[in-house]
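So that the names make sense, note that chain A is the first sequence line, chain B the second, and so on, each numbered from 1.
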Number of protein chains: 2
Amino acid sequence: MYYDSNMENKEIEIMENKEIEIIVIEDEPDILELLEYHLVKKGYSVTGFLSTDNVEQFLEEENPALMIVDRNLPGVEGSDFVAQMRNLGYDIPVMFLTARDKESDLEEGFNSGGDDYMTKPFSSKELLLRIEALLRRSGVTSNDKMKYRDLILDIKKRELSIENQSIELTNLEFRLLHTFVKNPHQALDRDYLRDEVWGDDSASFHDKTINVAMNRLKKKIDPSAEKEYFAPVWGVGYKLI
Amino acid sequence: MYYDSNMENKEIEIMENKEIEIIVIEDEPDILELLEYHLVKKGYSVTGFLSTDNVEQFLEEENPALMIVDRNLPGVEGSDFVAQMRNLGYDIPVMFLTARDKESDLEEGFNSGGDDYMTKPFSSKELLLRIEALLRRSGVTSNDKMKYRDLILDIKKRELSIENQSIELTNLEFRLLHTFVKNPHQALDRDYLRDEVWGDDSASFHDKTINVAMNRLKKKIDPSAEKEYFAPVWGVGYKLI
DNA sequence: ACAAATGATAACAATTCTATAACATAGAGG
DNA sequence: CCTCTATGTTATAGAATTGTTATCATTTGT
């Protein structure tokens, strides 16, 4: 077997995809199955529907990240359904699938509030790429996340999570940790930390302020002190191991 | 102090009608001209480039809403250029155009941070539809309805309803809530809110103004404080949970 | 081993920030 | 001109965060 230091990163990647939920509405079971296969393989969590029944309820209860919709469904037109959902205020990204590719169909699809459009037969590779792009643009895959070991910092949300557990940090603690994650493995000296985290305006600044802040941070992210995120660098400062 | 509440409305109106700026980077003058023709006809304001030179400067100065990029440009690969821009922090939506349609090219395009991809020869109708969809999704063209949890905002009517109950909001409160619904889960800091909701013209601005405005908003949409729409982010601002 | 310097930790104090109510003011509309 | 409404301003209480100090533990140099 083949392990390397990327292993952890891969795990994190998978964990993140696990949370992304995708709805597929497709009346042909074969195609539905094919779609599910590719999406699940990619790490998404998929819920399939053979018609638009119950989809709204699902939208209300869960909070899926994306909807793949066939155009000609039993009973309802896919684009009509999407227009209906949009009208109710659902802003979920929509990828249309269709056998038809007349321009008028295309127009209907986009005007109903669809985000992208693919015609069957489709390349699964392209579908996955387009889905990824859509998720990126709609903010589901926040590109503003920083990872280090099992720490995941979401800068925009100002949240730290470790192993899918959200951990509350104060503003100072967050800035401090952020500084370290930006400079992993490096010994950051006290002057640097002071500038970076406390800012220039810190006129009187006690020796021990940083120690205490580090202590509080360590205790929060690793109460049992078994993970050794930080190491003191004697006479200098600290480093994120 | 001079304050005119009509003024704000006018500004908003203007902002909404403000011309949407699109950049086109395409080295073949004929195609560039054709693209410009269609886009201008549609009402966009277009700036064309025959190479990637000066584009970054333009991005810096203006704030275009979308970039259409040819894949094979003189000197630089289109996708490399986009990756470069993304790396510099530009999040502008990108539509790739290309003569090639190998899967590997497609992959490069999307992985560089592109949002959509069309192969030449393209239908101008489809291009315009896709651009519209992209602008909608990236928040340039605001949707007429937005939903978040049980909040439904009708942007045009400036109405909020919760569980089919209409709730009266003042202008300020609506703008404030709208800002949060556009950025759910994100910690919005006071500077951002000030810019976004109060505008640049707010010269003197008290610390507590935002607190009070938030307090009033919270009380209106959730008088019994049981739904916890908002959470304060200490030392930063607020977030819509 | 011992002293000096530095870090860790806990307890306490000071400060900063938020919530909230009350008051002030300027426009809108009658 | 008057009243009402929206919004800004101020005051205060209370909560959360951050700083300070004291004491103990660890490292380093001799």
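Taking the six-membered ring wherever Trp is involved, the centroid distance between the rings of B:F49 and B:F58 falls below 6.0 Å.
Comparing A:T170 and B:K220 along DNA chain D, the residue whose closest nucleotide (by nearest heavy atom) sits nearer the 5' end is B:K220.
No side-chain heavy atom of B:I23 sits under 4.5 Å from any side-chain heavy atom of B:L66. The shortest distance between side-chain heavy atoms of B:F110 and A:R130 falls below 4.5 Å. For the pair B:V233 and A:K157, the minimum side-chain heavy-atom distance is 4.5 Å or more. Residues B:E173 and B:R216 have side chains in contact (heavy-atom distance under 4.5 Å, counting atoms from C-beta outward).
Evaluated for a side-chain hydrogen bond (donor to acceptor under 3.5 Å, both in side chains) with A:R190, the options A:T209, A:N211, A:D195, A:D207 yield exactly one hit, A:N211.
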**Q.** Stepwise ring pair (Phe, Tyr, Trp, His ring centres under 6.0 Å) check, A:Y148 with A:H178
**A.** CA-CA 10 Å; A:Y148 185 76; A:H178 187 197; over 10 Å; no
Its contact letters, B for base, S for sugar-phosphate only and - for none at protein heavy atoms under 4.0 Å, make nucleotides 19-30 of chain D read BBB----BB---
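Residue B:D207 is classed as having no contact, given no heavy-atom separation below 4.0 Å to the nucleic acid. Across all strands, B:F230 comes closer than 4.0 Å to no nucleic acid atom at all (heavy-atom distances). Contact annotation for A:Y238: backbone-only contact, meaning every heavy-atom pair under 4.0 Å involves sugar-phosphate atoms and none involves a base.
An OP1 or OP2 oxygen of C:dG7 is reached within less than 4.0 angstrom by a side-chain nitrogen or oxygen of A:R190. Contact annotation: B:N215 side-chain N/O to C:dT20 OP1/OP2 distance is under 4.0 Å.
The backbone N or O of A:E132 lies less than 3.5 Å from no partner atom in the side chain of A:R137, so there is not a single donor-acceptor pair.
Overall, the helix from C:dA1-D:dT30 to C:dG30-D:dC1 carries an axis bend of 40° between its ends, with five pairs at each end and the value rounded to 10°.
Spacing between atom CG of A:N211 and atom P of C:dA5 amounts to 16 Å, rounded to whole angstrom units. Atom-to-atom, NZ of B:K218 to C1' of C:dA19 comes out at 7 Å; the value is rounded to the nearest Å.
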